[in-house]
Amino acid sequence: MLDKRFIRDNPDAVKDAVRLKGVDLDVDELLALDQENRKLQFEVDEAQARRKSFAKQFAKADEARRAELRAEHVEFDRQLQDLRERLAQTSARLSELMLLAPGIPWEGAPVGPDESANVVIRTVGTRPEFDFPPLDHTELAEKRGWAEFARARRVAGERAYALVGDMVMLERAVHSYALDLLRERDFTPVAVPALVKEAPLVGTGMFPKGRDEIYEIPADDAFLAGTAEVALVGLHSGEILDAGQLPIRYAGISPCFRREIGSASRDVRGLLRVHQFEKVEQFVLCVNDPAESARWHAELLATAERILTDLGLHYEVVECATGDMGLGKFRMNDINTWFPTLDRFRETHSCSTLHDWQARRANLRYRDSGGNIHFAHTLNNTAVATPRLLAAILENFQTADQQVRVPEVLRPYLGGRDLL
RNA sequence: GGUGGAGUCGCCUAGUGGCCGAGGGCGCACGCCUCGAAAGCGUGUGAGGGGGCAACCCCUCCGUGGGUUCAAAUCCCACCUCCACCGCCA
């Protein structure tokens, strides 16, 4: 969400953002509606002030006078009611449009309609070389009995999987390692609900635009969140924090659910694109200062890169284009990890700064030392998301005899084993 | 799932239709007092929106949303959350 005053004062900046992000929003309509809404608000306020003084007169009046007063105010009440209804209508419509107002993207973002305009800003590590034909992760996992696909699909339908045996232990190792690394960096682990209400989905910006992507449980007015970010933002929603509590750093863990509604028949095989996965998420809530959130953005990105270099994986960092970054984002960097059998990189991490766009939606504020209240800045980035990252490990570290070399940092979590 | 109780301005609390458009205490801030502090005394102390050049003024908010009424923290309905007990259960 944007500040209405900001939109009034900088309509061109908002229009630019609408264009750059390819948002379907008429800024002029929003501005006109805002003006109309304020006018009605003013009129309703005035009318209600009169209405209140009337009620006071009434209290002091005798029965005869009361009858007169009632008659006198019938028409006034009717008008007030009419005004109220008009205000309710414009303000409902205004709120709808406000939810579609995009965050202003940073000036360094490549301009373009979608991910094809993204720019690789660095590539780290080297491609592994094999003196044998490497198996793709699906085949390797099946051969080693590390995953069930056909059987899992009998249980849960398309894109379902079950991890088995050492793959489960490897998943746990990856998560434990990531969590320990984040704890060293003063991130507090938080295991959050994945089953959430609508409000935090609107608050994070997942709704209304991304509604199709979220599993809904109508019987309970609940939804399955696609990321721990939903609950992490929701945790402090509506609060006024003390500046001394900031920055808040969370390592969120939760299962994540995605319908993949726009990806029908894409990556249907294996562990790359699934409806349910496990993620450790980095989350930061800091003061409303672009320099401060920029520092955190760099740190979140660096931590994700550290994880990949620790694991020995080859990756590229991408500067995401305006049309790819999503409605609320100021800046987004994806990290794509190398998959040998695909002969290309695939997204494993996504680092985002939202400035105060998300905090405004979620009503997430803090009080500075001068007593002034501000909306916070929020940032998030993947630490590890499995099983996609497991697939990368399998493919990159496989041996000729279909074993998998365990990255050194994971060995302590696997009883010291160096091969699976 | 059942029964009963509860949700008030940071915290505790008063409040059962107009004197509550919210009182008190704690905490906090400032001032007085003091060499300094504590204690004491005094003053102030929520959020959102709108109007005005301004000092200021107005509206909304007592879990949320509806309703009754000239008037709702207070009455009615639904929902949410919490507590207690019963049932069920990893």
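Letters go in sequence order (proteins before strands), and every chain restarts at 1.
The distance from atom CG of Leu87(A) to atom P of G48(B) is 19 Å, rounded to the nearest whole Å. Taking atom CZ of Arg84(A) as the reference point, atom C1' of C59(B) lies 11 Å away to the nearest angstrom. Glu198(A) places its CD atom 14 Å from the C1' atom of C80(B), with the value rounded to the nearest Å. Distance Leu80(A) CG to C59(B) C1': 12 Å, rounded to the nearest Å. Atom CG of Asp221(A) is separated from atom C1' of U64(B) by 13 Å (rounded to the nearest Å). For the pair Leu40(A) CG and C59(B) C1', the computed distance is 14 Å after rounding to whole Å.
The gap from the C1' atom of C53(B) to that of C59(B) amounts to 22 Å, rounded to the nearest Å. Going from the C1' atom of C57(B) to that of A84(B) covers 49 Å, rounded to whole Å.
Ring geometry for Tyr215(A) versus His275(A): interplanar angle over 60°, hence perpendicular rather than tilted (30 to 60°). Note on ring orientation: taking the six-membered ring where Trp is involved, the planes of Tyr250(A) and Phe283(A) are parallel (angle under 30°, cut-offs 30° and 60°).
Salt bridge annotation for Arg154(A)-Glu148(A): absent, with no cationic side-chain nitrogen under 4.0 angstrom from a carboxylate oxygen. Salt bridge annotation for Arg78(A)-Asp82(A): absent, with no cationic side-chain nitrogen under 4.0 angstrom from a carboxylate oxygen. Classification of Glu46(A) and Arg50(A) as a salt-bridged pair fails, no side-chain N sitting under 4.0 Å from a carboxylate O. Salt bridge annotation for Arg159(A)-Asp267(A): absent, with no cationic side-chain nitrogen under 4.0 angstrom from a carboxylate oxygen.
For the pair Glu319(A)/Arg331(A), a side-chain contact is recorded, criterion being any heavy-atom separation below 4.5 Å from C-beta on.
Pair assignment for U43(B) gives A29(B), based on Watson-Crick or G-U wobble hydrogen-bonding distances that are each under 3.5 Å. Searching all strands for a Watson-Crick or G-U wobble partner of C20(B) with both distances below 3.5 Å returns nothing.
Partner His374(A) forms a side-chain hydrogen bond (donor to acceptor under 3.5 Å, both in side chains) with one of Asn288(A), Asp356(A), Asp368(A) and no other, that one being Asp368(A).
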Please produce a list of atom pairs where a protein N or O lies less than 3.5 Å from an N or O of nucleotides 45-47 of chain B.
from, atom 1, to, atom 2, distance (Å)
A47(B), O3', Arg365(A), NH1, 2.9

Which pairs, protein N/O on one side and nucleotides 66-73 of chain B N/O on the other, fall under 3.5 Å?
from, atom 1, to, atom 2, distance (Å)
C70(B), OP1, Arg70(A), NE, 3.4
C70(B), O3', Arg51(A), NH2, 3.1
C70(B), O2', Arg51(A), NH1, 3.1
C70(B), O2', Arg51(A), NH2, 2.6

Report all interatomic pairs (protein N or O, nucleotide N or O of nucleotides 49-53 of chain B) with separations under 3.5 Å.
from, atom 1, to, atom 2, distance (Å)
G49(B), N2, Asp45(A), OD2, 3.1
G50(B), OP1, Arg8(A), NH2, 3.2

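The salt bridge (Lys or Arg N to Asp or Glu O under 4.0 Å) check on Arg365(A) picks up nothing, with sequence neighbours excluded. Checked against side chain to side chain contact (heavy atoms under 4.5 Å, CB included), Val287(A) has the following partners two or more places apart in sequence or in another chain: Leu246(A), Asp289(A), Glu292(A), Tyr366(A).
Two residues, Ala49(A) and Ser53(A), neighbour RNA chain B, and the one matched to the more 5' nucleotide by heavy-atom proximity is Ser53(A).
Applying the salt bridge (Lys or Arg N to Asp or Glu O under 4.0 Å) definition to pairs two or more places apart or across chains, those involving residues 186-211 of chain A are Glu198(A)-Arg211(A), Arg211(A)-Glu216(A).
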